[in-house]
Colleague: 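This structure is in structure tokens; I'll ask about it shortly.
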Protein chains: 2
Amino acid sequence: MSHPTLEDVAARAGVSRALVSLVMRGSPKVGKERREAVLKAADELGYRPNVMARGLAAGRTGMAGVLAADLHDPLFASVHDGLAEEAGRRGVRLLLASGGGRPARERAALGELFDLRLDGLLLAGPRIAAAEIERAAAGCPVAVVGRSLRSAGVDCVTADDAAAVRLAVTRLADLGHRRIACMSVGRSRLEKAFEAAVDEAGLTAVEDLRWRSPGAPTAVLALGDVTGTAALTGLYRAGLDVPGEVSLIVHGDAPGAAAAGVTTVAAPPAELGRLAMAALLDRIGGAGGGGGGGGAAGEGRRVTVPPVLTERTTTRPLTP
Amino acid sequence: MSHPTLEDVAARAGVSRALVSLVMRGSPKVGKERREAVLKAADELGYRPNVMARGLAAGRTGMAGVLAADLHDPLFASVHDGLAEEAGRRGVRLLLASGGGRPARERAALGELFDLRLDGLLLAGPRIAAAEIERAAAGCPVAVVGRSLRSAGVDCVTADDAAAVRLAVTRLADLGHRRIACMSVGRSRLEKAFEAAVDEAGLTAVEDLRWRSPGAPTAVLALGDVTGTAALTGLYRAGLDVPGEVSLIVHGDAPGAAAAGVTTVAAPPAELGRLAMAALLDRIGGAGGGGGGGGAAGEGRRVTVPPVLTERTTTRPLTP
DNA sequence: TTGAAAGCGCTAACAT
DNA sequence: ATGTTAGCGCTTTCAA
């Protein structure tokens, strides 16, 4: 028999199906003798409960779905570590689906996860429209990590980028740097944060990148992983000694950065994941106690994760 | 109503449940009029079929499970591209689970996927014991990519590493190199393949790495991504011009290699995935026609994928 | 403490 | 062409 059922186990143990069901879920209200008989029969038969059937009957699955916008993004793996840790701690299983980096695929994947009627859905860095996420959230608890939705019914966990920029600038100031340049590719919001931070610290933001000229910057803050890599190679190519002549901090924490030894500032990805999963599971758990209606109960928590500065080999005190 | 069911749709359209079921699956044996009424009702209610219930009743889910040994491995994302492509082409949905890089977790994840009673399971680079995989394969079609099991009942797709080494050596020979070094960390099988390839091409394998000495190698073959990175930095650090003085080919195709511009030789990961999924789906599809018993039907196909050499910037013809 | 019975939402023979 | 009737494997009242 390829897939023994509860009934097979019951027959072999000489009890009823319901009793087996109780035993399988570790209910305390079963006699020791019977329990062992059931366990023995189950083991001999190689019985494994059918999750689909269980979910259908119980109305909950004990599983949450995770939608990864793009599996290629190395950040996702780290975020997932956090997701898995928190889910594991609370006894929830995770099922993933991939958006393949394309919104159309992502939309489809979201639909598939939704149709599974899992206990909740966690969207990692979704690229689809907010309205589509809200629609899903109307039928099932949803949390989002890596993107902030301005809508109730969805919990969002994001990195505090502005704080990260401030942290980097502060650190550079502490190291004695006075003239700092910011390299960025169209992140105006963060560029503004940079300028504000520089002002606040009493430093000067330098835009002129003629190195070794009198007013040249002594430190660079690069916004984003790719910009960071470009910045580093650019500095090297310009013949500059890093960190001898110029210090570099990259905002963003792609795993490659650690290997390359660059100093980074960013919210720890796994922590983002942990908090997002915690929010989702809280929402799921609270569904029974709270007052709201449907899966869209609650106000839509908005969590922001503080940055961590990881000093590696591209920063050093300014020594004139 | 949060989750309308088939019955709700039937009631609203004034037909029976079965008819709605037929319409939902696009059966041709339904009158145009009724069909439209059903579709309209379903749409108004926002009906979405419950995959669990469907799977339970139909005995098949239209989904395959993918177990990633480690999400952090950048190779997996590429393999998954291939898996997704082939599955998509054949109308099969994919559900992933992660082994988190730890055999214990992987074992657990395999069990969870198994308990879902999906149509098939695809294991990517599994690190658990062969016996455990075989046990799963006894209850459900299983294919493995990135590892070769010597057991019937499981299809395996792997890269042809020996051919890759041969290809690299041949190319180096074509470029005029005569003395080649092989850098490797405990891959004796491939080292032997290297030596054989070098012999065959009439070249000489050099072990002495004193650069710029008379007998120094003019080309290096590094086995594995990390070894490759180490080799490249090592050469640079030794003050050598690559590819001016030494050509380098890395066996293994981590995405980082492309960015770093190193010439690589490896089986295309997505192709591995495509073939593995094809094997799995063939096995699933063939389950009805063939003669074997259970999910372990068939002989256990063993597919090997030929390498591709991608010439980037670390190789060039020998110019004495 | 144990068993019987009624579904969960759907599909798949069977009727009609 | 459309409706009826059983289940799929499990959980969960409700009785005993």
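For the numbers below, each heavy atom of this structure counts, side chains included, while hydrogens, waters and symmetry mates do not. So you know, we letter chains A, B, ... as the sequences are listed, proteins then strands, and number each from 1.
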Colleague: Rounded to whole angstrom units, what separation is found between the CG atom of Asn50(B) and the C1' atom of dC8(C)?
Modeller: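 From Asn50(B) CG to dC8(C) C1': 8 Å.
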Colleague: What is the separation between atom NZ on Lys32(B) and atom C1' on dT2(D), rounded to the nearest whole Å?
Modeller: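 Taking NZ of Lys32(B) and C1' of dT2(D), I get 19 Å after rounding.
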Colleague: Quick one: does Met63(A)'s side chain get under 4.5 Å of Val92(A)'s, heavy atoms only?
Modeller: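 A side-chain contact is absent here, since even the closest heavy-atom pair is not under 4.5 Å.
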Colleague: Give a yes or no on whether a salt bridge exists between Arg283(B) and Asp119(B), defined as a side-chain N under 4.0 angstrom from a carboxylate O.
Modeller: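 No, no charged N to carboxylate O under 4.0 Å.
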Colleague: Categorize Gly59(A) for me: base, sugar-phosphate, or nothing, with a 4.0 angstrom heavy-atom threshold over every strand shown.
Modeller: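 No contact.
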Colleague: Check the phosphate of dG3(C) against Ser16(A), side-chain N and O only, distance under 4.0 Å to OP1 or OP2. Yes or no?
Modeller: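 Yes.
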Colleague: Rounded off to whole Å, could you give me the CG-to-P distance for the Leu56(B) and dA6(D) pair?
Modeller: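 Taking atom P of dA6(D) as the reference, CG of Leu56(B) is at 19 Å.
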Colleague: In this structure, how many angstroms lie between the P atom of dC8(D) and the CZ atom of Arg48(A), rounded?
Modeller: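 Checked: the CZ to P distance equals 21 Å.
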Colleague: Regarding Ser21(B) and Arg25(B), do their side chains bring together a donor and an acceptor under 3.5 Å, going by distance alone?
Modeller: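 Yes, a side-chain donor-acceptor pair sits under 3.5 Å.
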Colleague: What's the CG-P distance between Leu19(B) and dT16(C), to the nearest Å?
Modeller: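 Leu19(B) atom CG is separated from dT16(C) atom P by 18 Å.
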Colleague: Please give, in whole Å, the distance from dC8(D) C1' to Arg117(B) CZ?
Modeller: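 Computing the Arg117(B):CZ to dC8(D):C1' distance gives 12 Å.
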Colleague: Can you check the Asp115(A) CG to dG9(C) P distance for me, whole Å?
Modeller: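 One finds 14 Å between P of dG9(C) and CG of Asp115(A), rounded.
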Colleague: Going by an N to O cut-off under 4.0 Å, is there a salt bridge joining Asp70(A) and Arg127(A)?
Modeller: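 Salt bridge: yes.
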Colleague: With respect to the phosphate group of dG3(C), does any side-chain polar atom (N or O) of Arg34(A) fall under 4.0 Å of OP1 or OP2?
Modeller: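 Yes, because at least one side-chain N or O of Arg34(A) sits under 4.0 Å from OP1 or OP2 of dG3(C).
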Colleague: Please give, in whole Å, the distance from dC8(C) C1' to Leu116(A) CG?
Modeller: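 Going from CG in Leu116(A) over to C1' in dC8(C) covers 16 Å.
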Colleague: Assess the pair His3(B) and Phe114(A): is the distance between their ring centroids shorter than 6.0 Å?
Modeller: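 For His3(B) and Phe114(A), the ring centres are under 6.0 Å apart.
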Colleague: Could you run through nucleotides 11-16 of chain D and give me one letter per nucleotide, 5' to 3': B if any protein heavy atom sits under 4.0 Å from the base, S if only the sugar-phosphate is that close, - if neither?
Modeller: BB----
Colleague: Check the pair Val157(A), Val144(A) against side-chain contact (heavy atoms from CB on, under 4.5 Å), reporting the backbone distance first and the verdict last.
Modeller: CA-CA 6 Å; Val157(A) 175; Val144(A) 172; over 6 Å; no
Colleague: So Met277(B) and Leu280(B), do their side chains get closer than 4.5 Å, heavy atoms only?
Modeller: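 With C-beta onward as the side chain, the pair touches.
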